[in-house]
Student: 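I am attaching a structure below and will ask some questions about it afterwards.
Below, each value reflects all heavy atoms present in this structure, side chains not excepted, and no hydrogens, waters or symmetry copies. Just so you know, residue 1 is the first one in the sequence shown, and it goes up from there.
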Amino acid sequence: MNKYNIEELESKIVKCKNEKIENINIDKIDKLSDIKIDRKKKGNDRILDFISKITNPYIFNVNGRIVKIEFSNNGKKAEDCITNVLSKLYQ
């Protein structure tokens, strides 16, 4: 049995994706340096863990600046892009 509520996480993704950066309060978003991901988890579990822990998986506080990540439609799945970002951040 999966410990994640997939419907809830999907809803969070849709809501967060559409947030405008100009409406973000920097004090209410996660500092990238504070985000801890279990490196022992594989692929999908690591992504689900990340999404469940973070306030907004698209917007972070990086050294006092608001950073929003977006993915282009270049033929890659969003899952692959997120995995790639996470693997580079936590090498």
Side-chain angles (χ1 to χ4, degrees):
M1 175 153 183
N2 197 330
K3 70 176 188 171
Y4 301 103
N5 181 331
I6 301 301
E7 292 82 21
E8 185 178 297
L9 293 179
E10 286 175 345
S11 175
K12 180 180 185 178
I13 289 286
V14 170
K15 175 185 166 276
C16 291
K17 181 179 181 182
N18 295 319
E19 281 192 71
K20 301 216 180 296
I21 198 166
E22 52 272 357
N23 297 334
I24 300 297
N25 178 339
I26 197 165
D27 296 325
K28 295 189 179 196
I29 59 174
D30 300 282
K31 291 181 181 177
L32 188 60
S33 59
D34 292 344
I35 301 167
K36 305 297 180 217
I37 302 298
D38 185 349
R39 293 177 182 217
K40 294 176 186 170
K41 293 183 178 181
K42 301 290 181 196
N44 288 343
D45 283 336
R46 191 181 297 192
I47 293 169
L48 292 171
D49 189 47
F50 170 77
I51 294 169
S52 68
K53 286 180 179 178
I54 193 161
T55 304
N56 183 328
Y58 294 97
I59 300 176
F60 314 99
N61 176 338
V62 179
N63 296 326
R65 296 195 185 267
I66 298 174
V67 175
K68 182 173 184 180
I69 59 172
E70 294 183 5
F71 303 101
S72 65
N73 186 2
N74 59 1
K76 293 184 181 181
K77 296 185 293 182
E79 175 184 323
D80 296 334
C81 295
I82 292 171
T83 301
N84 189 28
V85 169
L86 291 175
S87 67
K88 288 182 180 182
L89 289 173
Y90 297 99
Q91 288 181 343

Student: Could you pull out all residues at least two apart from L9 that satisfy side chain to side chain contact (heavy atoms under 4.5 Å, CB included)?
Tutor: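 Side chain to side chain contact (heavy atoms under 4.5 Å, CB included) list for L9, sorted by chain: Y4, L48, I51, S52.
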
Student: Find out whether I37 and R46 are in side-chain contact, i.e. whether some heavy atom of one side chain is under 4.5 Å from a heavy atom of the other.
Tutor: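 Yes, close enough: below the 4.5 Å cut-off.
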
Student: Is there a path of hydrophobic side-chain contacts, each under 4.5 Å between heavy atoms, that joins I29 and V14?
Tutor: no

Student: Of the non-hydrogen atoms in P57 and I69, which two are nearest, and what is the gap between them?
Tutor: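 Between these two residues, the closest heavy atoms are O-CD1, 3.7 Å.
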
Student: Can you name the residues that form a salt bridge (Lys or Arg N to Asp or Glu O under 4.0 Å) with K41, not counting sequence neighbours?
Tutor: D49

Student: Taking atom CG of N25 as the centre, does the number of heavy atoms from other residues, nucleotides or ligands within less than 6.0 Å exceed 12?
Tutor: yes

Student: Run the side chain to side chain contact (heavy atoms under 4.5 Å, CB included) test against N44 and tell me which residues pass, sequence neighbours left out.
Tutor: E79

Student: Spell out, as yes or no, whether a donor-acceptor pair under 3.5 Å connects the side chain of K42 to the backbone of R39.
Tutor: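 Absent.
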
Student: Under the rule for side chain to side chain contact (heavy atoms under 4.5 Å, CB included), what residues qualify as partners of V62, not counting sequence neighbours?
Tutor: L32, F60, V67

Student: Quick check for you: to the nearest 0.5 Å, what is the distance between I26 atom CD1 and I21 atom CD1?
Tutor: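 It is 9.5 Å, given to the nearest 0.5 Å.
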
Student: What distance do I24 atom CD1 and I59 atom CD1 have between them, rounded to the nearest 0.5 Å?
Tutor: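 Going from the CD1 atom of I24 to the CD1 atom of I59 covers 3.5 Å.
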
Student: At what distance, to the nearest 0.5 angstrom, does CD1 of I13 lie from CD1 of I47?
Tutor: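 If I round to the nearest 0.5 Å, the distance is 9.5 Å.
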
Student: Enumerate the side-chain hydrogen bond (donor to acceptor under 3.5 Å, both in side chains) contacts for residues 7-20, please, sequence neighbours excluded, ordered by first and then second residue.
Tutor: E19-N56

Student: Go through the structure and list residues passing side-chain hydrogen bond (donor to acceptor under 3.5 Å, both in side chains) with D38, not counting sequence neighbours.
Tutor: none

Student: Give a yes or no on whether the backbone of I35 and the side-chain of K53 come within a donor-acceptor separation of less than 3.5 Å.
Tutor: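 No, because the side chain of K53 does not come within donor-acceptor range (under 3.5 Å) of the backbone of I35.
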
